[in-house]
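One structure below.
The analysis underlying the following values was restricted to heavy atoms, covering all of them including side chains, and did not include hydrogens, waters or symmetry mates. Keep in mind the model is a prediction, meaning the values are calculated, not measured. Order of appearance sets the numbers: ligands from 1, and atoms from 1 within every ligand.
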Amino acid sequence: MIVNNLTLCYQGKVILAPMVRVGTLPMRLLALDYGADIVYCEELIDIKMLQCKRVVNEVLDTIDFVAPNERVIFRTCERERNKVVFQMGSADAERALAVARLVENDVAGIDINMGCPKEYSTKGGMGAALLSDPDKIEKILSTLVKGICKPVTCKIRILPSLEDTLNLVKRIERTGVAAIAVHGRKKEERPQHPVHCDIIKAIAEAVSIPVIANGGSHDHIKVYADLEAFRQVTSASSVMVGRAAMWNPSIFRKEGLQPLEKIMQEYIKYAVRYENHYTNTKYCLCQMLREQLETPQGKKLHAAQSSQEIWRQYPPQITPKMCLLEWCRKEKLAQPVYETVQRPVDRLFRSVVTVSEHKYCSALWDKSKKLAEQAAAIVCLRSLGLPEGKLDDAQSPLMHKRKVEERELCQDRENEETLPGGAPHKKPHLTLGTTNHSILSRP
Ligand code: FNR
């Protein structure tokens with residue numbers, strides 16, 4: 001086995017747990033943005049994966065594993081290649097190996113789920129059903145360890161007796177796995193039952209491979225500092241977070257939680273960027289809004305029947321860049337490429353966006369790289385006669401915030417006119433434009 005120490009050494013790491021429907025690409029990227037070291041995908045069943053073809057998606061810049069009915073079962077991208085662990089549901093060593101070989105070059109590691117207590121998993125001999133079949137566990141894990149080059153891990157629940165639990169983890173350790181994640185509950189126990197920190201601790205003391213402590217979201221993990229406290233109380237190498245991250249992925253942020261409204265906007269940005277299915281987007285947003293689902297905003301979200309209906313409720317994420325990206329996708333063009341320069345004299349930025357071999361650039365300079373890219377996108381959209389974004393709710397606080405940003409931008413640009421060196425250098429194929437009244441509202 002070649003353990004990729006750099007990418008998958010579990011010491012002191014904070015990890016996004018595998019979660020069905022939650023652990024898709026937008027949530028994984030958001031967790032990474034906020035400081036998660038490793039992210040797990042949702043559990044994907046071996047039989048389903050075996051029907052998939054690996055497709056390089058040049059429009060989205062992703063790798064897709066696509067089922068015969070064209071559904072994307074697993075989507076990943078370069079950004080997470082050394083961070084994402086592919087979790088699989090399997091009860092068969094050869095099938096597990098075939099799936100692992102299919103995905104191994106695109107992921108950091110492979111995990112076998114042995115903790116799912118749901119019938120759909122256990123009736124096929126997968127998930128928690130494996131816990132009572134250590135021979136099968138050994139076969140699956142040792143086949144994977146021998147058969148692939150990436151680290152192999154597994155995620156278990158604890159057994160009714162400590163002795164059986166310790167015997168099981170020692171047997172698992174002997175297969176050569178890189179780490180064991182332990183959800184410190186028995187298979188009959190529900191998420192609201194207390195997690196058995198003492199058993200995770202006993203496991204961590206009984207084996208020498210890293211143990212990843214899991215199960216603390218409800219009682220132990222509310223803020224970032226709780227992650228280390230949970231790690232210490234369980235003597236584990238690292239901590240895996242499920243529900244607390246699903247409720248607010250900025251739990252991984254050292255400086256503290258970010259407001260939900262901001263998180264939801266960022267989530268939607270990724271959902272749009274990576275064409276996440278709207279039912280999945282809606283599910284994840286509802287999990288974040290969980291206590292506010294009865295509010296008018298929550299009810300509206302719950303009633304949403306399309307991605308567009310979801311976006312309309314959270315307008316700030318519909319930026320010119322996103323409009324341009326959407327249009328390129330529709331037109332089957334390569335995605336826009338932004339090149340930004342900073343001018344030394346006043347540290348302002350200007351970006352050039354290339355779309356279909358044509359370059360577009362604002363004549364004005366901006367105070368941040370982000371604004372400069374949006375300005376370039378606006379010039380492009382206007383030149384092509386395309387809409388720049390949709391705003392429905394002119395009265396919302398978000399809209400107010402946007403207007404403030406917009407005013408700041410205009411002021412900066414007025415100042416900019418008086419600065420030296422602002423004159424654009426015109427190139428033959430470069431379209432220049434100004435965006436002086438707003439980069440974020442429609443004309
Ligand atoms: C889960 N869990 C889970 N576990 C797993 O190994 N594979 C999976 O696909 C899922 N799916 C899943 C979906 C949802 C909606 C929830 C809430 C949970 C279990 C999860 O990874 C974790 O073990 C538990 O939630 C306990 O950890 P926390 O939530 O206390 O941090």
- Query: Which residues pass the side-chain hydrogen bond (donor to acceptor under 3.5 Å, both in side chains) test with Glu173, sequence neighbours left out?
  - Reply: Ser208
- Message: In the structure I gave you, are the side-chain heavy atoms of Asn113 and Met126 within less than 4.5 Å of one another anywhere?
- Response: no
- Between SG of Cys41 and CG of Asp111, what distance do you get to the nearest 0.5 Å? 8.5 Å
- How long is the span from the OG1 atom in Thr175 to the CG atom in Leu144, to the nearest 0.5 Å? 9.0 Å
- Note on the structure: Distance filter under 4.0 Å, heavy atoms only, around ligand 1 gives Ala17, Pro18, Met19, Val20, Glu43, Gln87, Asn113, Lys155, His183, Asn214, Gly215, Gly216, Ser217, Val241, Gly242, Arg243, Tyr283
- Considering residues at least two apart in sequence or located in another chain, which fulfil the ring-ring contact (aromatic ring centres under 6.0 Å, His included) criterion with Phe86? Phe74
Can you give each donor-acceptor pair under 3.5 Å made by side-chain atoms of residues 237-247, sequence neighbours left out, with the distance rounded to 0.1 Å?
| from | atom 1 | to | atom 2 | distance (Å) |
| --- | --- | --- | --- | --- |
| Ser238 | OG | Tyr10 | O | 2.9 |
| Arg243 | NH1 | Pro191 | O | 3.4 |

